[in-house]
Colleague: 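One structure follows; several queries about it will come next.
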There are 2 protein chains.
Amino acid sequence: MKVQNIKVACSSCTLRELCMPAGLEPDELKRIDELVSTRRTVRRRETLFRNGERFTSLYAIRSGFFKTRVASEDGRDQVTGFQMAGEIIGLDGIVNDQHTCDAVAIEDAEVCVMPFQRLEALSREVTALQRHVHQIMSREIVREHGVMLLLGSMRAEERLAAFLLNLVQRLHARGFSRSEFILRMTREEIGSYLGLTLETVSRTLSKFMSDGIVEIDQRKVRIVDPDGLRRIVNPPGG
Amino acid sequence: MKVQNIKVACSSCTLRELCMPAGLEPDELKRIDELVSTRRTVRRRETLFRNGERFTSLYAIRSGFFKTRVASEDGRDQVTGFQMAGEIIGLDGIVNDQHTCDAVAIEDAEVCVMPFQRLEALSREVTALQRHVHQIMSREIVREHGVMLLLGSMRAEERLAAFLLNLVQRLHARGFSRSEFILRMTREEIGSYLGLTLETVSRTLSKFMSDGIVEIDQRKVRIVDPDGLRRIVNPPGG
DNA sequence: CGGTCAGTTGAACCTGATCAAGTCAGGTGG
DNA sequence: CCACCTGACTTGATCAGGTTCAACTGACCG
């Protein structure tokens, strides 16, 4: 783990519109710059935090990709999400002052460390920030509802199609292509997230390819027929 | 829907320790009494709020039982949780000022209505309340992680066992028996929550019964061998 | 150039879904 | 009060989607 003390200003960060509230007054903007104490770089395969560790901070991802995962007492584990630049992780730790999942970088990453005490103090004073924190947590709850729907009621093809559409949509919101992207995660990680085995993920992607819906070369994905994917997620006839 | 304007004081509510922060100063406690605007009764099968409705308030359940469910564009739906006295619902609405799921009473219920604006204003001033709101949202995120683990990696028997243990544990925390309780939901609702069909739920419960782990008479459940259930959830050998 | 890890593909198997029939409890109306 | 109806539940038989096990390919790296 590497901690950088380089001062970084949210006010001049290109990702601000993703992690910070919009429409702040100049003086509020200035106060927000106190929020991030340090940055931290996390190399591929390293953890940002682990189940059981003391919770102190939320983390805003500046670059790179993370996965979060929970484990049951016996060895099984479940990927609960993939997070990219501009997203906030660590919310699970707030309830019991202790993290309940692992956050692992799946490619070299850099995060902004936001000590939670500071965040709470500041959001008592800056209403827009308070609102923003609530929205971030609520958004995570809604996202997880979607995953529950996926895991509880969708078939393999539907899960994969929904997964690909979700990824490309988030990447597009960050200025990347609307149709091409690189998978940062392995088939096994995708499978763990979607409640499938890696073989089923592989087979299903192959099927999408032979149906002419996507082109896949290793980790490189090109979505040829986005409507085809959408039809798979929401079959027209019920 | 019936709205009661009877003034209710959180400060004198028996459920306070469940929905409100502990260790408040007397003056803080007094201010908290401003939080609940009204109570509302919801009959069985009626909804407290629906997907698409404008979000205004969080609701603390005073009595009764709810389920929350999300729906995909085609008809499928997924129960995302069962909520009982002392629990807070409505958090999904915060992100977009609009509810994204339905909350349906599965038995006659009464809730305390907490206008969210008021809650935000008050939590800017009462630090313990601010912290409490954060904890409630974080707790929900952690709960959903658990459901994702369940849906993504457990087999039918494990899901049912985990479900029964979770229910009885929450009921016991509310002063009910450690081993007996009434199921408030149908087999179909349980199945939707656990990603199973109602037939599988029924069969699996029958199996538990013939294994001497539980006794079931209609909706009445008696857990005979809690350790047996725990062993099913966490098989000793991996 | 060999070793390792990720991914693909095939074949057999199994868990849980689906379809179907029948039971049971509770409520309603004659 | 009883016959009937309905919704919830149970149980059986069959089916299928996805898992499991296994073999193989290909990319990457020391």
Side-chain angles (χ1 to χ4, degrees), chain A residues 43-45 65 67 75-79 104 106-108 150-164 182-211 214-221 232 235 238, chain B residues 43-45 65 67 75-79 104 106-108 150-164 182-211 214-221 232 235 238:
Chain A
R43 320 288 304 233
R44 199 162 107 84
R45 291 176 207 279
F65 241 87
K67 68 174 175 187
R76 282 176 298 195
D77 65 348
Q78 167 78 23
V79 170
V104 184
I106 57 177
E107 69 174 9
D108 293 357
L150 180 147
L151 291 173
S153 74
M154 290 188 178
R155 323 207 291 87
E157 288 188 21
E158 299 168 333
R159 297 184 198 190
L160 246 309
F163 173 72
L164 293 177
I182 305 289
L183 285 173
R184 253 67 230 218
M185 59 293 283
T186 67
R187 306 289 191 264
E188 184 171 21
E189 287 165 333
I190 297 172
S192 170
Y193 180 58
L194 299 178
L196 302 169
T197 59
L198 68 98
E199 291 94 332
T200 300
V201 172
S202 176
R203 266 187 261 271
T204 307
L205 290 179
S206 296
K207 177 168 188 309
F208 286 174
M209 192 148 62
S210 73
D211 289 351
V214 299
E215 283 167 17
I216 300 178
D217 174 28
Q218 300 289 112
R219 301 283 181 94
K220 198 173 157 217
V221 177
I232 291 173
Chain B
R43 320 288 305 231
R44 198 161 108 83
R45 290 174 207 278
F65 240 88
K67 68 173 175 187
R76 281 175 298 194
D77 66 349
Q78 168 77 23
V79 170
V104 185
I106 57 177
E107 69 174 6
D108 292 357
L150 181 146
L151 291 172
S153 74
M154 290 187 178
R155 322 208 293 87
E157 288 188 22
E158 299 168 332
R159 298 184 198 188
L160 245 309
F163 173 73
L164 293 177
I182 306 288
L183 286 174
R184 252 68 230 215
M185 60 292 283
T186 67
R187 306 290 191 261
E188 185 171 20
E189 288 165 332
I190 297 173
S192 171
Y193 180 59
L194 299 178
L196 302 170
T197 58
L198 69 99
E199 292 94 330
T200 299
V201 172
S202 177
R203 265 186 261 272
T204 306
L205 290 178
S206 297
K207 178 170 187 305
F208 286 174
M209 192 148 61
S210 72
D211 289 350
V214 299
E215 282 168 15
I216 301 178
D217 174 28
Q218 300 287 112
R219 300 283 182 95
K220 199 175 155 214
V221 176
I232 291 173

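Throughout, a chain's letter reflects where its sequence line sits, starting with A, and its residues are numbered from 1. Only a predicted model underlies this, so the values are computations on that prediction, with no experimental measurement involved.
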Colleague: Is any side-chain heavy atom of B/Leu205 closer than 4.5 Å to one of B/Val214?
Modeller: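 In short, these two side chains do not touch, never coming nearer than 4.5 Å.
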
Colleague: Base, sugar-phosphate or nothing for A/Glu199? Non-hydrogen atoms, less than 4.0 Å.
Modeller: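 Answer is base: heavy atoms of A/Glu199 come under 4.0 Å of a base.
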
Colleague: What is the distance from CG of B/Asp217 to C1' of D/dC9, rounded to the nearest Å?
Modeller: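 After rounding, the gap between these two atoms is 12 Å.
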
Colleague: Let me know the distance between CD of B/Glu188 and P of D/dT10, rounded to the nearest Å.
Modeller: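 My rounded result for the distance is 13 Å.
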
Colleague: Measure from NZ on A/Lys207 to P on C/dG7 and round the result to the nearest Å.
Modeller: 21 Å

Colleague: When the distance from CD1 of B/Ile190 to P of D/dT10 is rounded to whole Å, what number comes out?
Modeller: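 Taking atom P of D/dT10 as the reference, CD1 of B/Ile190 is at 9 Å.
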
Colleague: Calculate the interatomic distance between B/Leu194 atom CG and C/dA17 atom C1'; express it in whole Å.
Modeller: 15 Å

Colleague: Distance check: side-chain N/O of B/Arg219 vs OP1/OP2 of D/dC9, anything under 4.0 Å?
Modeller: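 For B/Arg219, the contact criterion (side-chain N or O under 4.0 Å from OP1 or OP2 of D/dC9) is met.
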
Colleague: In plain terms, say whether A/Asp108 and A/Arg44 are close enough for a salt bridge, that is, a side-chain N and a carboxylate O under 4.0 Å apart.
Modeller: no

Colleague: Expressed as a whole number of angstroms, how long is the span from A/Leu198:CG to D/dA22:P?
Modeller: 15 Å

Colleague: Report yes if the side chains of B/Thr204 and B/Leu196 come closer than 4.5 Å at any heavy-atom pair, otherwise no.
Modeller: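 Not touching, per the 4.5 Å side-chain cut-off.
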
Colleague: Under 4.0 Å between any heavy atoms, over every strand shown, what does A/Arg159 touch: base, sugar-phosphate, or nothing? Just pick one.
Modeller: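 Answer is nothing: A/Arg159 stays at 4.0 Å or more from every strand.
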
Colleague: Using whole Å, what does the distance between atom C1' of nucleotide D/dC9 and atom CG of B/Leu183 come to?
Modeller: 12 Å

Colleague: Does atom CD of A/Glu188 have more than 12 heavy-atom neighbours, drawn from other residues, nucleotides or ligands, at distances under 6.0 Å?
Modeller: no

Colleague: Which comes earlier along DNA chain C counting from the 5' end, the contact point of A/Arg203 or that of A/Gln218, where each point is its nearest nucleotide?
Modeller: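 Upstream on the strand: A/Gln218.
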
Colleague: Within the structure provided, determine whether B/Ile190 and B/Leu183 are in side-chain contact (heavy-atom separation under 4.5 Å).
Modeller: yes

Colleague: Would you mind reporting whether B/Arg159 and B/Leu151 have side-chain heavy atoms less than 4.5 Å apart?
Modeller: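 Yes, their side chains come closer than 4.5 Å.
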
Colleague: Give the intermediate values and the outcome of side chain to side chain contact (heavy atoms under 4.5 Å, CB included) for residues B/Lys67 and B/Glu189.
Modeller: CA-CA 9 Å; B/Lys67 68 173 175 187; B/Glu189 288 165 332; 2.8 Å; yes

Colleague: Check whether any side-chain nitrogen or oxygen of B/Ser206 sits under 4.0 Å from OP1 or OP2 of D/dT11, and answer yes or no.
Modeller: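 Checking D/dT11 against B/Ser206, a side-chain N or O does come within under 4.0 Å of OP1 or OP2.
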
Colleague: Between the protein and nucleotides 12-16 of chain C, list the N/O to N/O atom pairs that are separated by less than 3.5 angstrom.
Modeller:
unit_1: C/dG16; atom_1: OP1; unit_2: B/Ala156; atom_2: N; d: 2.6

Colleague: State whether B/Arg187 places a side-chain N or O below 4.0 Å from either non-bridging phosphate oxygen (OP1 or OP2) of D/dC9.
Modeller: yes

Colleague: Within this structure, what is the NZ-to-P distance between A/Lys220 and D/dA27, rounded to whole angstrom?
Modeller: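 The distance from NZ of A/Lys220 to P of D/dA27 comes to 15 Å, rounded to the nearest Å.
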
